[in-house]
Participant: 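Following this message is one structure expressed as structure tokens.
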Amino acid sequence: MKKILTACTRDCPGGCSIIATVRDGKIVKLKGNPDHDITDGFLCPNTAKYLENVHYSHKRVLHPLKREDGDWKRISWDEAFDIMVSKLGDTIKSHGKNSVLYYQGFGSRTALKILNRRFFNLLGGVSTLYGTVCGGIGQAGQEMDLGMRISHDHLDHINSKTVLIWGRNPAVTDIHLWRILRKAQRNGTKLVVVDPIKTKTAVHADLFIQPEPGTDSYLAVAVSKIILDKDLTDKEFINESTRNFEKYLQIIQGFSMKELSVKCDVSIETITELAVTYSQNKPSSIVTGWGLHRYISGHIIFRFLDAIAAITGNIGISGGGVSQGFEEFGFFNDSYALERPEIGRKLPMPTIGEAILKADHPPIKMAFITSGNPVNLNPNSNKVKKAFEAVDHVVLMDHFLNDTADVADLFLPATTFLEEEDLVGSYGHNWISSINPVTNPEGEAKSELEVFQKLADKMGFGEKMGGKPEYWLQKIVSTVLDQGVEWDDLKAGPVKMVPEDYIPYSDGKFFTASGKFEFITEFTDGFNDFSDYEGKINGFDDGYNLHLISSSPEKWVRSVVPESEMDTGLIDAEVSPKILNELGMHDGETAVLESPFGELKVTIRGDPDARIDTVKVQMGGWMKYGKNINVLTVDIMSNAGNGTPYYETMVKIRKTSVE
Ligand SMILES: Nc1nc2c(c(=O)[nH]1)N[C@H]1C(S)=C(S)[C@@H](COP(=O)(O)OP(=O)(O)OC[C@H]3O[C@@H](n4cnc5c(=O)[nH]c(N)nc54)[C@H](O)[C@@H]3O)O[C@H]1N2
Ligand SMILES: Nc1nc2c(c(=O)[nH]1)N[C@H]1C(S)=C(S)[C@@H](COP(=O)(O)OP(=O)(O)OC[C@H]3O[C@@H](n4cnc5c(=O)[nH]c(N)nc54)[C@H](O)[C@@H]3O)O[C@H]1N2
Ligand SMILES: [Mo]
């Protein structure tokens, strides 16, 4: 029996340090590393079950497959490479390099995966992506205020007297952050949760506020108004460290409390309680989540939250801050690995379906997809599916025959992180962890690096991609090694890159042009500037009266759904029992959710805690099992940050005819 230290690469802020136990060549257990201050010796239920649900799942594909007459046929790697070489050659010859799309998803964000882009760069540049289906929007907002998004170490929240958990559900999505917040709560910290849904996190809140979806900007303005009226501001901070306070005041003064309270559907008493709790119990922090990134003007929400922190002097102090996330590639030197700035055409990730359908000069003829399931997870799935179907040759590298596999012509079996050597950062903390091979690859699975190296060989530029993982990793972390971190230490275990007591902006210097905190000066909300998208939005007027919130599921991570959850009938849609009454429906009945973009059959559930204007459905369920909520979502790009406003989608519920 042996134990090997490695790290989780799943799409989650946890970025856990893992101890894997191997017996007779088989991995028998994954456990959290107790010597990591965030992992703290335990794993989330999903990763604890990774062995049965992913790594050793009998649904995992372990050999290359080719589509022949509509069916998958097992082929050798040699044949798979021959197909890729000939299709790449023919496509580029006939239509030019930009007719090839490289689509890199978020299923695994490790250091070596930077080299996939190097491959396409060396090929001469193909079409790649800009924008994101994950965050982006919040970063854009915070960069306007602070110059750079820098979050407090999770452990610093223990020093907060109040924490506002705003648009985040860590009890489900980041249980390591949740453990720290609960510990703080046991020590006397007040936890306030702002979420339109009464989540597992909200259940434990000292104060729970349930605004109408997408109206947080108004709620935040209302909170500031109370803080200003009650003179609970930090004048010294405002005078010395900020710019544009007067213009910001004008925005605040332009609204009455009544108006704001109606807009966000939160009573003035509750808003006052929130404002007073936050500003009287200093230091206070705001921990924001991805729920706020899902709106067209989401960056504005972040700016108003930053402003609340600024007027109360909760920036640059321990226990304060507006913390959103970390840069998982922040410590890595990707420019070195890419060899030169990325070249080629860029297509928008949030609206990739439309971008592919509209691309000409040249059209997209071939696509490579790694660690991504765009047919499932990008908005307006039916359109995304149609777009990839229109591409002549789609190569997908994954573990499973997911929804995107249905549009693929060639499937390449990827290794899991338990079979790889690599390094990984995290978007939930400042550690870099080494990934060590725990066993040999199952079947014929290969790592992405191996595949792109071999393909480069065959395409005639093998020497520029060649080299063992260690060779490339040392280059990618050259900046880390330059800071004095020893390579052997990085390989031996996780390394914390920023000390826990580092407090962002504690020196009063910001990364903005003025060097000061910049208040928001203009409040433009909604779709005002979006004439391009009017066609899509018009549909919203037609009786689509319910906000569709499709947030993170507890039992799986994004679209990596365990088999036990797949073929289990329809997906649940939770609504207020008042809606059921209005429709003359009962809990458990089948209904159809309808948006301007598609329809989905669901089991309707009455939830007494649900708002009257909201439907909640879990995301990630597969289309081929009738569970993909993104058949309903609107495919537009945010006003700032090139993000994806999934939750601007409005739906209506239709009764099905007699069952
Ligand atoms: N178990 C599990 N864990 C995961 C994932 C998973 O799929 N499963 N996914 C991972 C990924 S990729 C990410 S990015 C993170 C996301 O982590 P989180 O941000 O915690 O999760 P989300 O589900 O995106 O949304 C958080 C909350 O925002 C709320 N929300 C929606 N609209 C609004 C609004 O208008 N205002 C406010 N105040 N709140 C709103 C939702 O109701 C939801 O409870 O989680 C990661 N962790
Ligand atoms: N409606 C709705 N849609 C959403 C969201 C939402 O809240 N609501 N959230 C969005 C967010 S935050 C995100 S991050 C995106 C995620 O979108 P994606 O990144 O497209 O989806 P994932 O399911 O995380 O991962 C894609 C695939 O990567 C595979 N994979 C895992 N590890 C590896 C590997 O090492 N190599 C290879 N080749 N494949 C691997 C998995 O099996 C999976 O099929 O979804 C977005 N979509
Ligand atoms: Mo994400």
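Counting convention: from 1, in listed order, for ligands and their atoms alike.
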Participant: Number the atoms of ligand 1 from 1 as they appear, then name those within less than 4.0 Å of a heavy atom of Ile197, with their elements.
Facilitator: 42 (O)
Participant: Considering only heavy atoms of Pro196, which atoms of ligand 1 have at least one such atom less than 4.0 Å away?
Facilitator: 30 (N), 32 (N), 33 (C), 34 (C), 36 (N), 37 (C), 39 (N), 40 (C)
Participant: For ligand 1, is any non-hydrogen atom under 4.0 Å from Asp216's backbone (N, CA, C, O), its side chain (CB onward), both, or neither?
Facilitator: side chain
Participant: Under a 4.0 angstrom heavy-atom cut-off, which atoms of ligand 1 come close to Asn169?
Facilitator: 20 (O), 26 (C), 44 (O)
Participant: Does Phe42 reach the side chain of Arg179, with side-chain heavy atoms less than 4.5 Å apart?
Facilitator: yes
Participant: In this structure, which one of Asn380, Asn630, Thr649 forms a side chain to side chain donor-acceptor pair (under 3.5 Å) with Asp635?
Facilitator: Asn380
Participant: Ignoring hydrogens and geometry, is there a side-chain-to-backbone donor-acceptor pair from Ser576 to Arg611 under 3.5 Å?
Facilitator: no
Participant: Indicate whether the side chain of Thr416 and that of His55 have a donor and an acceptor atom separated by less than 3.5 Å.
Facilitator: yes
Participant: Does ligand 2 have any N/O pairs with the protein under 3.5 Å, and how far apart?
Facilitator:
unit_1, atom_1, unit_2, atom_2, d
ligand 2, 1 (N), Ser550, OG, 2.8
ligand 2, 1 (N), Asn630, OD1, 2.8
ligand 2, 3 (N), Asn630, ND2, 3.2
ligand 2, 7 (O), Arg294, NE, 3.4
ligand 2, 7 (O), Ser550, O, 3.2
ligand 2, 7 (O), Tyr647, OH, 3.4
ligand 2, 8 (N), Ser550, O, 2.8
ligand 2, 8 (N), Ser550, OG, 3.4
ligand 2, 19 (O), Phe106, N, 2.6
ligand 2, 20 (O), Asn373, N, 2.8
ligand 2, 23 (O), Ser559, N, 2.9
ligand 2, 23 (O), Ser559, OG, 2.6
ligand 2, 35 (O), Lys113, NZ, 3.3
ligand 2, 36 (N), Ser371, OG, 3.3
ligand 2, 36 (N), Glu448, OE2, 2.7
ligand 2, 38 (N), Ser371, N, 3.4
ligand 2, 38 (N), Met397, O, 2.9
ligand 2, 38 (N), Glu448, OE2, 2.7
ligand 2, 39 (N), Ser371, OG, 3.4
ligand 2, 42 (O), Asp398, OD1, 2.6
ligand 2, 44 (O), Asp398, OD1, 3.2
ligand 2, 44 (O), Asp398, OD2, 2.8
ligand 2, 44 (O), Asn402, ND2, 3.1
ligand 2, 47 (N), Leu377, O, 2.9
ligand 2, 47 (N), Tyr646, OH, 2.9

Participant: At a non-hydrogen distance cut-off of under 4.0 Å, which region of Thr201 contacts ligand 1 (side chain, backbone, both, or neither)?
Facilitator: neither
Participant: Classify the contact between Glu554 and ligand 1 as side chain, backbone, both or neither, using a heavy-atom distance cut-off of under 4.0 Å.
Facilitator: backbone
Participant: Can you list the ligand 1 atoms lying under 4.0 Å from a non-hydrogen atom of Pro213?
Facilitator: 35 (O)
Participant: Using atom types as modelled and distance alone, determine if a side-chain donor or acceptor of Glu419 lies under 3.5 Å from a backbone N or O of Thr439.
Facilitator: no
Participant: So if I count the atoms of ligand 1 from 1 in the order they appear, which ones are less than 4.0 Å from some heavy atom of Gly289?
Facilitator: 19 (O)
Participant: Would you sort out whether Glu420 and Lys113 count as a salt bridge (Lys or Arg N to Asp or Glu O under 4.0 Å), showing the intermediate values?
Facilitator: CA-CA 12 Å; Glu420 293 170 359; Lys113 294 199 167 100; 3.7 Å; yes
Participant: Among Phe388, Tyr102, Phe120, Phe411, which one satisfies ring-ring contact (aromatic ring centres under 6.0 Å, His included) with Phe368?
Facilitator: Phe120
Participant: Going by the order shown, which atoms of ligand 1 are within less than 4.0 Å of some heavy atom of Thr199?
Facilitator: 44 (O)
Participant: Which ligand 1 atoms are under 4.0 Å away from a heavy-atom of Gly214?
Facilitator: 34 (C), 35 (O)
Participant: Check side chain to side chain donor-acceptor pair (under 3.5 Å) between Gln139 and all other residues, then give those that pass, not counting sequence neighbours.
Facilitator: none
Participant: Report, in ascending order of atom number, the atoms of ligand 1 lying under 4.0 Å from any heavy atom of Leu292.
Facilitator: 36 (N), 37 (C), 38 (N)
